Amino acid sequence: MRCKPRVNEQRSISTRVRTWRKSEIPFDSFPAQCDLQRGTDRVQLLPGIAVSPGVAIGEVLVIDNEGFRIPRRFVARDAVDDELERLSQAISAVEAQIGRDRDTITAKVGAQYGAIFSAHLTLLADPKLRSELEQMVRDRHYSPEYAVSRTLRRYAKAFQSLDNPYLAERAVDLFDIEKHLLRNLTGRRRGELANLVSPVIVLAHTLTPSETANLDRRFVLGFATETGGAGSHTAIVAQGLEIPALVGIGPFLSDVSGGDVAIVDGDHGQIIVQPDEETLAHYRREREQHQTLATRLRELRDLKAQTADGQRIELLGNIEFPHEAEHCNARGSDGIGLYRTEFLYLGAETEPTEEDHYRAYASVVEQVGDRPVVIRTLDLGADKMAHLPLPSDEANPVLGLRSIRLSLRNVPLFRTQLRAVLRASALGDVRVMFPMITTVTELRQAKMVLADVMEDLDDAGIAFHRKIPVGMMVEVPAAVMLIDRFLEEVDFISIGTNDLIQYTLAVDRGNRDVASLYNPGDPAVLRLIEMAIAAANRAGKPVNMCGQMSSNAFYTMLLIGLGLRRLSATPGAIPEVKKVCRSVTVPQCEQLAGRVMALDNARDVATLVREELKKVVPELVA
Ligand code: PEP
Ligand code: MG
């Protein structure tokens with residue numbers, strides 16, 4: 001929800017208009033009241049939603065809402081005096097700034113509100129705080145940024161841990177002061193994420209799909225965010241990057257300081273901050289086992305995805321960027337089953353031109369050779385590329401003007417893309433696919449625009465494949481309900497479970513609060529999948545699955561049992577999926593599917609699937 005009810009806003013203002021009594025100032029009284037040493041140094045195990053497997057161990061880089069980077073940095077012995085001076089100047093500047101804020105607010109809305117800032121000034125002027133900060137720089141040689149962050153967060157954390165809601169709220173004031181000082185000391189923001197020079201685990205309140213895509217894989221070992229759900233595009237991009245990742249942890253950043261050590265366990269969905277030696281040793285072993293398994297799976301590269309009884313399964317790759325085609329090739333994929341072209345917009349300041357589109361598509365086709373490349377037309381909107389000039393006042397963007405709806409409202413943009421797709425079709429086995437088709441009329445309109453663009457290219461004498469296969473995503477329950485009609489009008493379909501789950505179960509794929517309901521194994525979702533596969537098989541039309549469900553080897557047996565013979569997965573998942581395909585027989589899978597479809601809840605489905613999978617590929621079952 002973008003808008004909060006007004007009543008909450010008012011409540012938050014009145015809460016903030018409390019000032020600090022002298023006796024409450026923490027810097028003197030706290031050591032007596034609570035054990036500060038236990039503040040952030042304690043081992044913490046935080047559950048989250050695993051979105052990309054593997055284990056990462058390293059020092060953390062905290063990117064909070066304001067985007068500050070607070071590494072544990074030391075200053076050289078001979079620079080200590082200069083750093084102390086810098087700290088002192090920052091404190092003075094912040095004092096002056098807070099004083100100005102107090103005067104402005106007092107003049108605008110009254111002294112009662114200005115008092116908040118007076119309280120901040122009192123805290124900032126406290127000699128105990130100041131001497132503690134200076135001591136950290138002078139004696140421990142910490143940078144002023146790190147000293148500020150560590151000290152104020154410790155106090156804030158100690159306040160939060162008290163069993164007193166009134167005092168716990170006071171932590172906010174300490175975070176405010178921390179931000180003021182850091183803003184002054186660093187003057188740098190989130191952009192620094194792009195300039196990393198050493199390996200880190202990124203911890204952030206939130207990461208957008210574009211920020212995630214821009215993470216530098218040389219230095220980002222893994223990441224974890226407070227927000228987000230399993231089906232979010234941030235999660236999908238993380239899989240593409242092949243780094244362990246968790247989302248939806250909930251508020252935890254105030255407990256962590258830059259430089260702390262953390263483990264991201266992308267297999268079991270947890271992050272461990274400040275692990276003890278035993279935990280570290282355990283995870284180092286896990287990391288090695290991952291590497292060993294990856295090496296073994298790499299040996300499958302040149303083998304086909306074929307069941308033990310000879311059924312060929314077409315195993316394709318999902319990509320967001322042209323260079324990922326190489327990642328698919330490296331795993332021996334049968335082609336590209338989903339190219340999410342909207343990622344062309346990522347970081348683009350201006351609308352991509354026909355040439356931009358064409359160059360990207362041509363590059364993919366060139367890398368993939370004579371194997372198929374399914375280019376999906378723009379699926380913009382909702383959480384994808386939200387910085388674009390899209391409608392911003394939609395109450396429910398996932399139900400709004402996104403995807404094919406947006407393309408059909410912006411025909412020139414749609415035509416530009418289709419011209420490029422068609423031109424690329426002259427270079428190889430290119431297929432075009434429309435996203436989020438909900439009505440037959442919509443599909444017909446999209447095909448009409450395609451036919452129109454073909455005429456234009458004809459008139460201009462530009463080469464293209466006239467019989468380019470045209471497909472649609474099946475990712476809205478309405479499309480499954482009318483699947484027989486749709487199948488009469490397309491050459492192939494591809495099941496998009498990410499959205500299908502969201503729209504079937506009425507659960508926002510990016511919302512951590514309802515993440516436990518977002519489940520590919522829900523019988524309602526499985527029934528829709530079964531219906532779509534059966535209808536396509538009856539009609540003799542190819543059916544693929546390109547949602548994340550097909551990237552999860554856990555479901556491979558079930559999907560084969562439901563009649564699927566084409567799967568499109570993120571490149572990193574291809575070896576595991578192939579391993580399952582090669583370890584099972586079709587009757588084995590069909591038997592499993594038959595038993596699963598008799599169940600009525602996702603938990604029983606998971607238990608049964610795990611049992612069967614464990615029998616055939618125990619090494620893949622956590
Ligand atoms: C899907 O919805 O399953 C899908 C593949 O599309 P996207 O994740 O890009 O919305
Ligand atoms: Mg989708």
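Both counts, for ligands and for their atoms, begin at 1 and track the order of listing. The model shown is predicted, which means the values in this text are computed figures rather than measured ones.
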Per-atom contacts of ligand 1 with Ile236, taking only distances under 4.0 Å to non-hydrogen atoms: 8 (O)
Show which atoms of ligand 1 fall inside a sub-4.0 Å distance from at least one heavy-atom site of Arg509. 2 (O), 7 (P), 8 (O), 10 (O)
Locate the shortest heavy-atom distance separating Pro571 from Glu242; write the atom from each residue and the value. CB-OE2, 4.0 Å
Less than 4.0 Å between a side-chain N and a carboxylate O, is that true for Arg331 and Glu326? no
Under 4.0 angstrom from ligand 1, any heavy atom of Arg376? yes
Gln548 contact mode with ligand 1 (heavy-atom cut-off under 4.0 Å): neither
Counting C-beta onward and ignoring hydrogens, is there a side-chain heavy-atom pair between Val543 and Leu564 closer than 4.5 Å? yes
Side chains of Pro397 and Arg402: closer than 4.5 Å at any heavy-atom pair? no
Atom name, Asp499 (N, O or S, nearest to the Mg ion (ligand 2)): OD2
Heavy-atom pair of closest approach, residues Ala535 and Ile483: CB-CG2, 3.4 Å
So which bit of Asn318 gets within less than 4.0 Å of ligand 1, heavy atoms only: side chain, backbone, both or neither? neither
Distance alone, cut at 3.5 Å: any donor-acceptor contact between the side chains of Tyr339 and Glu324? no
May I ask you to identify, for Gln502, whether its side chain, its backbone, both or neither come under 4.0 Å of ligand 1 on a heavy-atom basis? neither
Identity of the N, O or S atom of Glu475 lying closest to the Mg ion (ligand 2): OE1
Heavy atoms of Asn519 and Val525 approach each other most closely as O-CG2, 4.1 Å
Going by the side chain to side chain contact (heavy atoms under 4.5 Å, CB included) test, name the single residue among Val474, Ile529, Asn552, Thr504 that passes it with Thr497. Ile529
Leu338: numbered ligand 1 atoms lying under 4.0 Å from its heavy atoms: 5 (C)
Of the side chain and backbone of Leu500, name the one, both, or neither that has a heavy atom under 4.0 Å from an atom of ligand 1. neither
Heavy atom of Met473, distance to ligand 1 below 4.0 Å: yes
Given that the side chain starts at C-beta and the backbone is N, CA, C, O, which of these parts of Met545 lies under 4.0 Å from ligand 1, counting heavy atoms, or is it both or neither? neither
Please test Asp484 against Arg538 for salt bridge (Lys or Arg N to Asp or Glu O under 4.0 Å), starting from the C-alpha separation and ending with a verdict. CA-CA 9 Å; Asp484 49 333; Arg538 268 196 310 274; over 6 Å; no
Of Arg340, Glu475, Glu342, Glu320, which has the heavy atom at the shortest distance from atom 5 (C) of ligand 1? Arg340
The Mg ion (ligand 2) contact by Asp379, N, O or S atom under 2.8 Å: no
Ignoring hydrogens, just give me the one of Val476, Asn498, Ile501, Asp379 whose non-hydrogen atom is nearest atom 1 (C) of ligand 1. Asn498
Rounded at 0.5 Å granularity, tell me how far CD1 in Ile249 sits from CG in Leu203. 7.5 Å
